[in-house]
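Not measured: the values here are computed from a predicted model. Position 1 is the first residue of the sequence, and the numbers go up from there. Order of appearance sets the numbers: ligands from 1, and atoms from 1 within every ligand. Just so it is clear, the values below take in all heavy atoms, side chains as well, and ignore hydrogens, waters and symmetry mates.
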Amino acid sequence: MNMRTRVGIIGAGPAGLMLSLLLSMEGIDSIVLENRDREGIESTIRAGVLEQGTVDLMTEIGLGERMKREGSVHHGIELRFDGEGHRIPLSELTNGRAITVYPQHEVIKDFIAARLNQGGPILFNVEDVQVSNISSSQPSLRFVHEHEQMELQCDFIAGCDGFHGISRASIPEAIQHGFSRSYPFGWLGILMQAPPSAEELIYTYHERGFALVSTRSPDLQRMYIQCDPQDDIANWSDPMIVEELQLRLATTNNWQLLVGPIIQKSILAMRSFVIEPMQYVRLFLAGDAAHIVPPTGAKGLNLAVADVRHLARALTMFYKQNRTDLLEAYSTTCLRRVWRAEHFSWWMTSMLHRFLDDDAFQQRMQRSQLDYTVSSRAAATSLAENYVGLPFTW
Ligand code: FAD
Ligand code: DHB
């Protein structure tokens with residue numbers, strides 16, 4: 001069967017769904033193709049931290065209500081090392097900007113409900129998506145849906161299918177430049193049924209490795225500990241995880257972690273990756289399809305949203321004013337912010353983790369960096385403005 005749309009979007013993650021919502025507000029039709037089922041994408045536990053700009057954009061498009069009710073606004077974070085906590089007052093250092101902790105799967109639920117309410121379409125469970133005629137002005141997407149071979153003719157294709165998707169690989173290798181860095185550690189992430197142990201997120205540097213205390217709701221907490229990325233989660237019993245958290249988070253004034261049953265646990269590897277350019281003819285990559293960051297800076301979802309905001313604006317200018325300049329500038333415009341986030345995420349990761357081969361010199365460098373960051377208003381401001389998110393014009 002043949003179908004037609006202006007913008008064919010691969011992937012119903014934050015990037016693809018936000019793009020379809022922004023385009024719809026401008027009267028530009030799109031179709032989203034997703035290879036998983038709705039239940040699956042609405043229940044995958046991933047990010048938690050939304051930058052001020054992401055929150056503002058969601059509010060602007062009418063999706064702020066549940067986030068305001070159920071999410072929590074944080075005006076600071078704690079950096080903990082040598083058994084002492086040091087608060088970085090994010091809002092005080094950034095003219096009142098803040099972050100909101102609101103889980104990615106709740107964002108996804110809000111986006112899907114809003115898009116289906118507008119009439120969609122979002123096709124779930126599609127198989128074997130392939131980009132065709134990529135070098136022409138009428139590219140198309142071939143895929144299988146409900147056992148039927150389909151072809152979707154498009155003016156433009158948005159590759160929003162995450163790091164393991166197919167769209168990046170559709171760009172001829174000769175014009176792709178990939179930049180990557182892998183890290184010799186991963187994160188073991190858990191969900192624990194317990195009250196919050198702290199009002200703000202705690203990022204901890206400890207000789208046993210990094211630990212992070214985050215939250216999901218008044219009775220569900222999200223925590224991470226640095227671990228071997230090759231380790232099997234089966235090697236980590238619940239009591240071992242709790243003990244490791246307690247050791248790494250211990251303070252000289254006897255801070256207590258509030259503990260309860262662990263209801264979910266998994267290990268994720270981390271790496272940095274960027275592809276340049278983020279565009280080929282009429283295929284535009286956005287979000288994790290084009291770049292990933294280690295999670296320490298909490299930037300991935302926010303970068304995905306920033307990319308599609310630029311893409312939606314460029315496509316709007318094309319359809320409304322016949323302008324191609326913003327489409328041509330898309331990759332350059334996005335990459336400026338992407339590389340800033342790459343640096344910030346690498347910097348936070350390097351400052352807060354133990355490296356396998358680090359020696360006493362390296363550890364003293366990390367301590368000095370932490371000490372400077374929490375003692376100098378200029379250094380703390382630099383962390384704060386990157387963490388809450390630079391303005392959209394970046
Ligand atoms: P994705 O969310 O990966 O969405 C891509 C979609 O495309 C998926 O639904 C996938 O099923 C679909 N797809 C893939 N291949 C195909 C195909 N061939 N055909 C059709 N569909 C396809 N970021 C933050 O900003 N803040 C945080 O606090 C944060 N914490 C994180 C913590 C963890 C543990 C992890 C793992 C990530 C975290 N991130 C965080 C990163 C964030 O989750 C991602 O950057 C974000 O999901 C990227 O969105 P996306 O839409 O680009 O890609
Ligand atoms: C969360 C994840 C992050 O990567 C981070 O830096 C802070 C919080 C979270 O899942 O809550």
Between the candidates Glu127, Arg46, Glu34, which shows the shortest non-hydrogen contact distance to atom 33 (C) of ligand 1?
-> Arg46
Just which atoms of ligand 1 are under 4.0 Å from any heavy atom in Gly48?
-> 27 (C), 28 (O)
Counting heavy atoms under 4.0 Å, the part of Leu33 that contacts ligand 1 is backbone
For ligand 2, would you mind listing the residues that have at least one heavy atom less than 4.0 Å away, ordered by chain and number?
-> Arg46, Gly48, Val49, Trp187, Leu201, Tyr203, Leu212, Ser214, Arg216, Arg222, Tyr224, Pro295, Thr296, Ala298
Distance, nearest 0.5 Å, that separates CD1 of Ile225 from CD of Glu243 = 10.5 Å
At a non-hydrogen distance cut-off of under 4.0 Å, which region of Ile41 contacts ligand 1 (side chain, backbone, both, or neither)?
-> side chain
Do you know which of Met3, Glu34, Glu146 makes side-chain contact (heavy atoms from CB on, under 4.5 Å) with Leu123?
-> Met3
Of all the non-hydrogen atoms in the protein, which one sits nearest to atom 25 (O) of ligand 1, and at what distance?
-> Leu301 N, 2.7 Å
Closest to atom 13 (N) of ligand 1 by heavy-atom distance, out of Ile108, Asn35, Ile99, is Asn35
Is there any N or O on Gly287 that sits under 3.5 Å from an N or O of ligand 1?
-> no
Is it true that a side-chain atom of Ser376 and a backbone atom of Ala378 form a donor plus acceptor pair closer than 3.5 Å?
-> yes
Per-atom contacts, ligand 1 versus Gly162 - under 4.0 Å to a heavy atom | 3 (O), 5 (C), 53 (O)
For ligand 1, find out whether one of its N or O atoms is nearer than 3.5 Å to an N or O atom of Ala304.
-> no
Nearest non-hydrogen atom to atom 43 (O) of ligand 1 belongs to which of His164, His105, Gln104?
-> Gln104
If you count the atoms of ligand 1 from 1 in the order shown, which ones are under 4.0 Å from a heavy atom of Tyr224?
-> 32 (C), 34 (C)
So, for His310 and Phe392, is the gap between ring centers shorter than 6.0 Å?
-> yes
Sub-4.0 Å atoms of ligand 1 with respect to non-hydrogen atoms of Ile166 = 18 (N)
Does ligand 1 have any atom sitting under 4.0 Å from a heavy atom of Phe163?
-> no
Test side-chain contact (heavy atoms from CB on, under 4.5 Å) applied to Glu200 and Arg87, step by step | CA-CA 9 Å; Glu200 296 177 339; Arg87 182 167 190 265; 2.8 Å; yes
Going by distance only, is there an N or O of Val129 that falls short of 3.5 Å from an N or O of ligand 1?
-> no
Please report the C-alpha distance between Phe156 and Phe318 in whole Å, then the side-chain angles of each, then the deciding distance to 0.1 Å, and finally whether the ring-ring contact (aromatic ring centres under 6.0 Å, His included) criterion is met.
-> CA-CA 11 Å; Phe156 296 96; Phe318 175 82; 5.1 Å; yes
Quick one: look at Leu268 and ligand 1, take heavy-atom pairs under 4.0 Å, and tell me if it's side chain, backbone, both or neither.
-> side chain
When rounded to the nearest 0.5 Å, the distance separating NZ of Lys320 from CD of Glu26 is 4.0 Å
Glu60 side, atom CD; Met25 side, atom CE - distance, nearest 0.5 Å = 7.0 Å
So which heavy atom in the protein is nearest atom 51 (O) of ligand 1, and how far is it from that ligand atom?
-> Ala15 N, 2.9 Å
Distance (rounded to the nearest 0.5 Å) between Phe273 CZ and Glu342 CD | 9.5 Å
Do Arg181 and Arg271 touch side chain to side chain, with heavy atoms closer than 4.5 Å?
-> no
So, does Arg337 use its side chain to make a donor-acceptor pair with the main chain of Leu390 at under 3.5 Å?
-> yes
Nearest to atom 38 (C) of ligand 1 by heavy atom, Ser167, Ala47, Gly189: which?
-> Ala47
Drop me the distance from Ile190's CD1 to Ile263's CD1, to the nearest 0.5 angstrom.
-> 10.0 Å
Once you round to the nearest 0.5 Å, how far does OG of Ser167 lie from CD1 of Ile9?
-> 12.0 Å
What atoms of ligand 1 come within less than 4.0 Å of a heavy atom belonging to Gly165?
-> 15 (N)
Is Gly16 in polar range of ligand 1, meaning some N or O pair under 3.5 Å apart?
-> no
Classify the ring geometry between Phe81 and His86 as parallel (under 30°), tilted (30 to 60°) or perpendicular (over 60°).
-> parallel
Option among Phe210, Tyr203, Phe185, Trp187 that satisfies the ring pair (Phe, Tyr, Trp, His ring centres under 6.0 Å) test with Tyr224 = Trp187
Does Pro14 have a non-hydrogen atom less than 4.0 Å from ligand 1?
-> yes
Looking at Asp288, Ile9, Leu141, the heavy atom closest to atom 44 (C) of ligand 1 belongs to Asp288
For Ile10, atoms of ligand 1 separated by under 4.0 Å from a heavy atom = 19 (N), 20 (C)
Gly300-ligand 1 polar pair, N/O distance under 3.5 Å | yes
Do any N/O atoms on Arg36 end up under 3.5 angstrom from N/O atoms on ligand 1?
-> yes
Is there a side-chain contact between Leu212 and Ile202, using heavy atoms and a 4.5 Å cut-off?
-> no
Protein heavy-atom partner closest to atom 14 (C) of ligand 1 - residue, atom, separation in Å = Asp161 O, 3.1 Å
So do the side chains of Val242 and Ile262 get within less than 4.5 Å of each other, counting heavy atoms only?
-> yes
Name the option, out of Pro295, Gly13, Gly159, that contains the heavy atom nearest to atom 4 (O) of ligand 1.
-> Gly13
So among Leu283, Val129, Ile157, Leu285, which one has a side-chain contact (heavy atoms from CB on, under 4.5 Å) with Ser170?
-> Leu283
